[in-house]
Amino acid sequence: MNPFSVKSYGSPGNRARALLVTALTVAATSSCSKKEEAPAVVDAIPDVQTTKVTQKILSRVDQLPGEIRAYQDVAVYPKVPGFIKWIGVDRGSKVKKGQVMVRLAAPELGAQRYEASSKADAAAGQVQEAKAKLAAAKASLLEARAQLNGDNDTYQRTKEASLVPGVVAPNDVVVLEQKVNADREKVNAWQENVEAAEKQLQVQQNALSAAVLGAQNHKDIQDYLTIVAPFDGYVTERNMHVGSFVGPRGQDAYPPIVNVQQLNLLRIITPVPEIDVGGVVPGARVEFTVSTHPGERFVGTVARLGNYLEPKTRTMPVELNYWNPDWRVLPGMFCEVYWPTRRKNPSFFVPSLAVETTSTLETFVIRINPDNKLEWVKVKRGQPMADMVEVFGELKNGDRVALKADDSLKPGLTVHAVEEQQ
């Protein structure tokens, strides 16, 4: 039934009463409608869990892969071609520095050495002969000078006597003068002979020195037929046997006779990431483990830096020295290096979740200022340490930041800061 419809009730009084009832009904309906309307919603202030920016010195240990190598690893080749006459080591042999490992035979080297020795002996004989010629020339020179001095003295006396008329015949003076001139020419000739003999002796002496050096070289080459261990170590490979013909490396691709490794000192090589390179300290003690001794840690010291970065991995090879007197650690073993990373100066840290990066690669933390309003602070992410991360930006120690950054927390928003439960 429509409450707003008015029926005909006959008399005017009935119609008036009907209209009054209708008006009251409309008023009651309007009042109920207003009561059913929901009240206006007032925005609530959100709660935001916060944490404090802390200042610490970065200190952590990273596990890096490592490679174990012998400190020295030498492929032993002969210096001269020859046949193996004797070999006294095999794979697994321990050797001492200077220990004879292999003897070679090369008959042609003996003939060459004998020939070189003969040339040296011949050169020595020629030197003696040159010395004798020089001595004879010097003796003849002395004799000529004596003759010159005697004849010149006689000539001077005769010339003085010829000044007195009738004492000496003029012809005698002329004869003596010519004899002195001849003696002087003879002295000059013998002087030239002495100089020539001295030069010849020098030539022969040089030839003797070369011959002696050649003979010594052949002796050294003969010594090359005996091959000794270059250092204390371990024979890790043997390729040749008695009777095998061997030669220097690069000649007809001969393989090495043996390989020797130094095992009492090892190189532990690990690639250090670029971000950690600045903290590498020579002499620092670094632990590592090997799979063959689970649960045991060994300690090496930083000895050498690569001083360059691998372009593909952006890492720098760093070598540790590890003294290995009992040979428990061997080259080629898999190892894990516990690399210590530590900064010299403190830096700011926040929990990892407190740092957010937007789709535009903008990294920030959300700071709550004293008025409990939010502000985004741009930061640069550093290195992690446990569940914290290093940040660099316009922050100070003790700043309150949102424990979990979210780009829905817009700058300027007023929040209720809830301190992190410690």
Task: For D62, all residues meeting salt bridge (charged side-chain N to carboxylate O under 4.0 Å, His left out), sequence neighbours excluded - done: R60
Open item on the list: Within the 4.5 Å heavy-atom criterion, are W190 and L142 side-chain neighbours or not?
Closed with: no
- [ ] Measure the CD1-CG distance between I366 and L409 for me, rounded to the nearest 0.5 Å.
- [x] 4.5 Å
- [ ] Report the distance from atom CG of L395 to atom CZ of F349, rounding to the nearest 0.5 Å.
- [x] 13.0 Å
- [ ] Taking only Lys NZ, Arg NE, NH1 and NH2, and the carboxylate oxygens of Asp or Glu, determine whether E195 and K199 approach each other closer than 4.0 Å.
- [x] no
List the atom pairs, with distances to 0.1 Å, where a side-chain N or O of residues 283-294 and a protein N or O form a donor-acceptor pair under 3.5 Å, not counting sequence neighbours.
unit_1, atom_1, unit_2, atom_2, d
E287, OE1, R297, NH1, 2.8
H293, ND1, R328, NH2, 3.2
H293, NE2, R328, O, 3.2

TODO: Please check if any side-chain donor atom of N206 sits under 3.5 Å from a side-chain acceptor atom of Q202, or the reverse.
DONE: yes
Open item on the list: Could you tell me if the side chain of V89 sits less than 4.5 Å from the side chain of R238, heavy atoms only?
Closed with: no
Task: Within-4.5 Å side-chain heavy-atom neighbours: T51 and V401 - done: yes
Task: CD-CD distance between E177 and Q156, expressed to the nearest 0.5 angstrom - done: 9.5 Å
TODO: Take L141 and V187 through the test side chain to side chain contact (heavy atoms under 4.5 Å, CB included) and record every step on the way to the result.
DONE: CA-CA 6 Å; L141 175 60; V187 167; 4.0 Å; yes
Task: From L374 atom CG to T414 atom OG1, the distance as rounded to the nearest 0.5 Å - done: 8.0 Å
- [ ] State, with a plain yes or no, whether a side-chain heavy atom of L265 is found less than 4.5 Å away from one of W323.
- [x] yes
Task: Qualifying residues under side-chain hydrogen bond (donor to acceptor under 3.5 Å, both in side chains), relative to T315, sequence neighbours excluded - done: T313
Under 3.5 Å, which donor-acceptor pairs do the side chains of residues 94-105 form with other protein atoms, sequence neighbours left out?
unit_1, atom_1, unit_2, atom_2, d
Q99, OE1, K96, N, 3.0

- [ ] Answer whether the closest heavy-atom distance between the side chains of E390 and M385 falls below 4.5 Å.
- [x] no
Open item on the list: Set out, in order, the CA-CA distance, both residues' side-chain angles and the distance that settles side chain to side chain contact (heavy atoms under 4.5 Å, CB included) for L148 and K186, then state yes or no.
Closed with: CA-CA 9 Å; L148 172 61; K186 187 180 291 186; over 6 Å; no
Task: F83 CZ to L225 CG distance, which is reported to the nearest 0.5 Å - done: 12.5 Å
Task: Rounded distance (nearest 0.5 Å) linking atom OG of S347 with atom NZ of K56 - done: 10.5 Å
Task: Test log, rule salt bridge (charged side-chain N to carboxylate O under 4.0 Å, His left out), inputs K396 and D399 - done: CA-CA 6 Å; K396 61 181 181 294; D399 278 350; 3.2 Å; yes
Open item on the list: A side-chain contact here means heavy atoms from C-beta on lying under 4.5 Å apart; do K85 and V242 qualify?
Closed with: no
Open item on the list: So for atom CD, which belongs to E296, do other residues, nucleotides or ligands contribute more than 12 heavy atoms lying within a distance under 6.0 Å?
Closed with: yes
Open item on the list: Quick check: do F298 and I268 have side-chain heavy atoms less than 4.5 Å from each other?
Closed with: no
For residues 329-341, please give each side-chain donor-acceptor pair under 3.5 Å, one per line with the distance, not counting sequence neighbours.
none

TODO: If a pair satisfies side-chain hydrogen bond (donor to acceptor under 3.5 Å, both in side chains) and one of its residues is in residues 256-282, list it, with sequence neighbours excluded.
DONE: Q72-Q262, D73-Q261, Q262-N264, R267-E319, D276-Q383
- [ ] Walk me through it: do T357 and R381 pass the test side chain to side chain contact (heavy atoms under 4.5 Å, CB included)?
- [x] CA-CA 10 Å; T357 301; R381 193 188 300 264; 3.5 Å; yes
